[in-house]
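Everything numeric here is computed off the predicted structure, so don't read it as measured data.
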Amino acid sequence: MALPGSVSTCLSPPVHYIICKLGFEKKDIYDINNIVSENGEVCWQAVTEHLHYLESDQGVDYIKSVQSLGPVCESVNLHFKSLTKDRFVVQYAVWFHWTNYTELFLEVFDVLQYAQATEVALGLMKLTSCLERALGDVYLLIGKDCPFLLRDLLASEQLAVVFGQDVMDVLRVFIGSPYGLNLRNVLWHGFASPQEIPAKYCAMLLFLTAGLGQLLQTYFLKTKYILVHRPYVTFISLEELVAFPDLNHETLCVAEELVQVSNFVFKSMVPFWMAALTAFKQSRYADCVILLLPQLEAGLRLLFTTTNKCPNRLLTAEPSALYTTFDEMLKKHLDNEEINQLPSVLEEPAMEFLWDFLNHQEGPRIRDHLSHGEINLKTFPRELANQIVAFAITLLCRFSVGDTVAFKEHVIIKPLMTCASCYRSQFHPISRLKKQVLECMKSIHVWPELPTVSEEHVQAVKGLEGNTETSSLILKMAEILSQVQQYLPRDCCSPDDPINSVVTERLLVKLCDKHVSTLYSPRPVLEVLVVLRKICTQCHQVSEQVIASIELRYKQWMKKTLRSRQRHNYLRMLNSIKFLFPVLRLILLLITLEVINVHLVCKKTPSDYQQYLKFLKSILQYTENLVTYTSPEKNKWDETEELTNKALIKIRNFSDRKLTLIQSAT
C-alpha cells in the first residue's frame, strides 16, 4: 500500500489551481455597498455581471467566471466578518427560512468569524447539502421527479424559471459543475483537505443562499405559490444497524492514536479525522459522520488505486472523466472489465458492511441521504454514528504502520476487530428475505394460541364431519416434506407428526443462520429473490388476516351477534386453518431452503431457469389468491381448500422432477 504521507494533495493540478489559486489572481476591491444594501438585500446584477460565457456555445466560461468572482467573494467574506451576530440575524436570518434550516446558516456565519479550516469545510458540506434539498423543494413547485444529482437540478429549466438563468449559472460556478469550483463534490468525496477550501467561497454561498431567499419571495408574491418541504428520511429499526459495541471515551482516545500512525489516513486529512472523533465525544453525531464518510472514501480510494495498480485514479479526475468514488470502488469489475481487487483486500465482511450502509436500497444509504440534505441533522442517531466510527477504527487498525499487533490485541480494540470480521449483511435482499421468513413464522405461530369455539361445533357443520379433504392435504404436505427431508438437520424428524414436529420456528432460525454470500449477486439470483419475497409477503398477509378474523369472529360468537350464515362461515374457517397452518409453514420452509441455495440458480440452463421462475410465479399467484380468499370481504374458505390442493400437487410434481434449487445441489 502506498504511503499517504507522500501525497501532498488529492486534487489534480488543474483542480487545485481552480480552487486554491484562480479566484485570488485578481486583486480588485469591490465596494460591498454595491453588492448588498444596508438592509441585506442582494444586488444580483453586481454578482451576475462577473459571469463570462464561451463564444463557441454560449456556455459558462468557468475559468474566467471563477477568476472574476474571486474578489467579489473576498468582499462578501470581509463584509460578514465586519458584522456582529445580532446584525447578521437582523439583516439576513429571514432570508434563510426557505431552506427550512435557518439555524444551520447562522451556525455557518459563526464559523466564518474564526475561519478555522476544518470547521469551514464542515460548514460548507452542511450548507451545500441543505441548499440542495431546499432547491429540490423549489423545483417541485412546478416540476415532477426532482433530479437526484445536484448538477442536473441546477441545470433544470424549472429552477431557471423561478430564479433566472444567470442566477443559476452563478451557483453552478461554485457547486454542481465539474468545470467550476465543484466545492460540494471535492469535499463530500474526500478529495479536498481543510486547508484547500478558501473560507471566502463558504461566505459567498452563504450570501447567495440569502439572495435566493429574496428572489423566491418575489416569485411567491407573483405566483401565490407556497413552498412545501419534503419530510426528512428517518431511520427505523435502529437495532438492525448495530454491529459494534458502544464506543466509550477510552476507545476514542485509542482511535486518535491510530489516526496518527495509520496508512489509511492522508496526513493532510488528519484534522478531519480528529474533528470527527471530537464531534462524537461532544454528541454531535451528524457532524461526526459528515466529517468521517469522505475520509473513509479517501482511505478506500488509496487502497483501491494501490491494489488495482492505477495510482493516477487517486486524484480528482479532470472534468471530462469521472471521479473514483464509493460507487466504483464497491463494484465487482473495473471500467476495463478486469476484476476489482479491493474486495480481496478488504475481505467479504468489510465489503458487506460498506454495501449495507452505503448502497443497498433497504439499508440506511447514509452517504446519499446526508449529502443530499435528506436527514434532520439535529436528531441524527448516535447508534448509526457509532457503527461508522467503529468500522473506521477497524480500518485504521488493519492498515496501520509497522507492528499493528499491539493495537489489534488491545483490550478495547479487539472486540471491534472481532465484530468487523464476523459482519454479515443485514440489507441485501437475501438477508431481508430471511428476516421476512422468521417474522412470518412468528405470526403463524400465534394461531394455536387464539381463542376458538370447541371442535364439536366444527364437526357439527354439514360437510366437515370427516375432514377427508383436510387429511388429503396433510398427506400431500407429508410427501413434499419427505422429498426435502434429506436437506434438513437429522434431529428434526418425527414420523408421528412430520409437519408440526419438523417445520418449527427453531428449524427456520437454524436454517436462516446459515451464511449465504451476498456480494455481487447476479441478475437471475435477484430475480428469484424478488419473487420469493413477494410470496413471503403474501403468506404474512394471509396470517395477519386469519388472526384478525379469528379474533373478531370469536368475540362475535361469544356475544351471539353472528347471523346463521356467519356462524357457518366461521366454523368453516376454523376447519380451513387446520390445513392452512401447516401449508404456510411448509411454504416458508421451502422458501428458506431455496434462499440458502439461491446461487445455484446460475447453474441452471436458460430453459430450466425459465421453468423454475414460472413455477415460483405460479406459487406467488396461489398466495395472492389466498390473500383474496381469506380477506374479511371474501371469506371463501371452500375455495381456499381447492386452491391449496392444486398448489400442493404442483409443488410435489415440480419437486419430483428435481427442478428446485435444493435438488439441483445433489
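- In this structure, a donor-acceptor pair under 3.5 Å is present between the side chains of T537 and Q436.
- Between T592 and K434, every side-chain heavy-atom pair lies at or beyond the 4.5 Å cut-off.
- At distances below 3.5 Å, at least one donor-acceptor pair connects side-chain atoms of R432 with backbone N or O atoms of Q426.
- With sequence neighbours excluded, the residues satisfying salt bridge (charged side-chain N to carboxylate O under 4.0 Å, His left out) with K378 are E103.
- If you look at W557 and Y570, their ring centroids are closer than 6.0 Å.
- Judged by distance alone, the side chains of T518 and W355 never bring a donor and an acceptor atom under 3.5 Å apart.
- Separation of the F615 and F654 ring centroids falls under the 6.0 Å cut-off.
- Taking SG of C130 as the reference point, atom CD of E374 lies at 12.0 Å (rounded to 0.5 Å).
- Under the 4.5 Å side-chain criterion, counting only non-hydrogen atoms from C-beta, V627 is not in contact with T623.
- Under a 3.5 Å cut-off, the side chain of N386 and the backbone N or O of L247 do form a donor-acceptor pair.
- A donor and an acceptor atom, one from each side chain of T640 and K636, are nowhere located under 3.5 Å apart.
- If you check the side chains of Y622 and T644, you find a donor sitting under 3.5 Å from an acceptor.
- With rounding to the nearest 0.5 Å, the separation of OH in Y520 from NE2 in H599 is 13.0 Å.
- Rounding to the nearest 0.5 angstrom, the gap separating the CZ atom in R533 from the CG atom in L526 is 11.0 Å.
- Surrounding CG of D145 are at most 12 heavy atoms belonging to other residues, nucleotides or ligands under 6.0 Å away.
- Using a 3.5 Å distance cut-off with no hydrogens or angles, the side chains of H372 and S129 do not pair a donor with an acceptor.
- Counting only heavy atoms from C-beta outward, the side chains of F304 and V345 never approach each other to under 4.5 Å.
- Using a 4.5 Å heavy-atom threshold, the side chains of L450 and V546 count as separate.
- Between atom CD1 of residue I480 and atom CG of residue L648 there is a gap of 5.0 Å, rounded to the nearest 0.5 Å.
- Residues meeting the salt bridge (charged side-chain N to carboxylate O under 4.0 Å, His left out) test with E642, sequence neighbours left out: K646.
- Partners of S631 according to the side chain to side chain donor-acceptor pair (under 3.5 Å) rule, which considers only residues two or more places apart in sequence or in another chain, are E633.
- Residues H540 and S443 come closest through the heavy atom pair NE2-CB, 3.7 Å.
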For residues 228-237, run the donor-acceptor check on the side chains, cut-off 3.5 Å, and write out each pair with its distance to 0.1 Å, sequence neighbours left out.
residue, atom, partner, partner atom, Å
H229, ND1, D137, OD2, 2.9
H229, NE2, W98, O, 3.4
R230, NE, D137, OD1, 2.6
R230, NH2, R133, O, 2.9
R230, NH2, D137, OD1, 3.3

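- For the atom pair Y285 OH and L377 CG, the distance stands at 15.0 Å (nearest 0.5 Å).
- In this pair, F581 and H445 present their aromatic rings tilted. The plane angle is within the 30 to 60° band.
- In this structure, H189 and P294 have side chains that are not in contact, with every pair of non-hydrogen atoms separated by 4.5 Å or more.
- With hydrogens and angles disregarded, no donor-acceptor distance shorter than 3.5 Å links the side chain of N575 to the backbone of L571.
- Side-chain atoms of N645 and E641 form no donor-acceptor pair, as typed in the model, at a separation below 3.5 Å.
- Checked against side chain to side chain donor-acceptor pair (under 3.5 Å), E624 has no partners two or more places apart in sequence or in another chain.
- Side-chain contact of Y423 with D356: a donor-acceptor pair under 3.5 Å is present, judged by distance alone.
- No side-chain heavy atom of F244 sits under 4.5 Å from any side-chain heavy atom of V389.
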Could you please spell out the steps behind the salt bridge (Lys or Arg N to Asp or Glu O under 4.0 Å) verdict for R365 and D368?
CA-CA 6 Å; R365 290 178 51 228; D368 281 350; 3.4 Å; yes

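- The main-chain N or O of I339 is found under 3.5 Å from a side-chain atom of Q341 such that the two form a donor-acceptor pair.
- Between the CG atom of L580 and the CZ atom of R585 there is a distance of 12.5 Å, given to the nearest 0.5 Å.
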Expected list for residues 149-157: side-chain donor-acceptor pairs under 3.5 angstrom, two or more places apart:
residue, atom, partner, partner atom, Å
S156, OG, L153, O, 2.7
S156, OG, L159, N, 3.4

